[in-house]
S.K.: 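Let me give you the structure first, and then I'll get to my questions.
Lettering of chains follows the sequences in order, A, B, ..., and the numbering in each one begins at 1.
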Amino acid sequence: MSPEDEVIRKRQRERARIMAWLLGAFVILLFFITVAKTGMNW
Amino acid sequence: MPAMDMTNPAALPADWRDILALTKPRVMSLVVFTGLCGLLAVPQLPPVVIGFTAILCIALGAGACGALNQWYEADLDAKMRRTARRPLPDKRMDRQSALHFGVGLGAFSVLLMGVAANWLAAALLAASILFYVFVYTIWLKPRTPQNIVIGGAAGAFPPLIGWVAATGHFATLPVLLFAIVFLWTPPHFWALSLFVRSDYAAAGIPMLPVVAGVENTRRQIFLYTLPMALAAVAPWPLGLAGPIYGACAAILSFVFLVLAARVLANRTTDPAQMAAEKHLFAYSVFYLFALFTVLVVDRWLPW
């Protein structure tokens, strides 16, 4: 792989990792929003 | 795979740090803070997760504004020393990516606000984003020296949005908080624009010192400080805040007035000798943080 390709792959990997964390956090946030909106007490 | 042209930003996926820089994180911190104070000033707090999400949405909306502002002003930013190293003028990112990111982030923040808090808060958030992008950035900023005055409304929305997200309705106090930030914006930005006016002149942005002169700008700073101080103290006599807030607001506003008077008395046109303007600019940031902090402390501490 050329140096240019390596730079591209590295950036893609970093962005994919951050996107995965953000999506995971969003799912957890939606879960707690649902809990709060439905008035569940626990 | 053919060799990529590394000088062409469109050929390389943007670095996540540059995407983050598009959101203007430093500006976002002030917006988040005033939004949080608007939310914490309500009589009955919402569930923590709803409050957290509302503030997150305000932050994302502010980030969308920053990205769309940088997308539209990339050419102007390249002409100003202060902004030339941003991702778009420095060619580390292509403009279309910034546009897609800004629109996507803005739409996401509004939808999430509607789902998590209420649709009135979502409508206010959408209005503030659209106002900032279309009325301030595209329409007013390149055309009139009053750009900051009317455009300041966009930055004044967060405390109002925070309150409405928590309560679902308007009230006098958040409207006063809107007025405080609205009236605070011109002295704050004009103090800055006095000592960086050569940058604005180089970019062709008609900021007040460039168009109306330094003396006129100093007079306008002082004149706007007067109603700002009145709006800052007003929650106390109106019974919307306690005496601790009233006393602190009066002292903080008095110091603001003294610093604005020092700016008014300054005669120099050399940015290097504009210590009074630099002091006022630095103090104006502290002033807003301190005023809103005292409002929340006064609201929740049992004096």
S.K.: Check P13(B) against Q12(A) and note the closest heavy-atom contact, atom names and distance.
M.R.: CG-CG, 4.1 Å
S.K.: Take atom CZ of F33(B) as the centre, draw a 6.0 Å sphere, and report whether it contains more than 12 heavy atoms from other residues, nucleotides or ligands.
M.R.: yes
S.K.: Which pair of heavy atoms, one from I50(B) and one from K37(A), lies closest together, and at what distance?
M.R.: CD1-CD, 4.2 Å
S.K.: Can you tell me which portion of I33(A) sits under 4.5 Å from chain B's heavy atoms? Options are side chain, backbone, both or neither.
M.R.: both
S.K.: Looking only at heavy atoms, which of residues 15-32 of chain B get nearer than 4.5 Å to chain A?
M.R.: D15(B), W16(B), R17(B), I19(B)
S.K.: Do L29(A) and F52(B) pass the side-chain contact (heavy atoms from CB on, under 4.5 Å) test, and can you show the C-alpha distance, the side-chain angles, and the key distance before you say yes or no?
M.R.: CA-CA 10 Å; L29(A) 182 67; F52(B) 169 80; 3.9 Å; yes
S.K.: Can you pull out the residues in residues 95-112 of chain B with any heavy atom less than 4.5 Å from chain A?
M.R.: F108(B), L112(B)
S.K.: Give a yes or no on this: more than 12 heavy atoms of other residues, nucleotides or ligands lie within 6.0 Å of atom CH2 of W300(B).
M.R.: yes
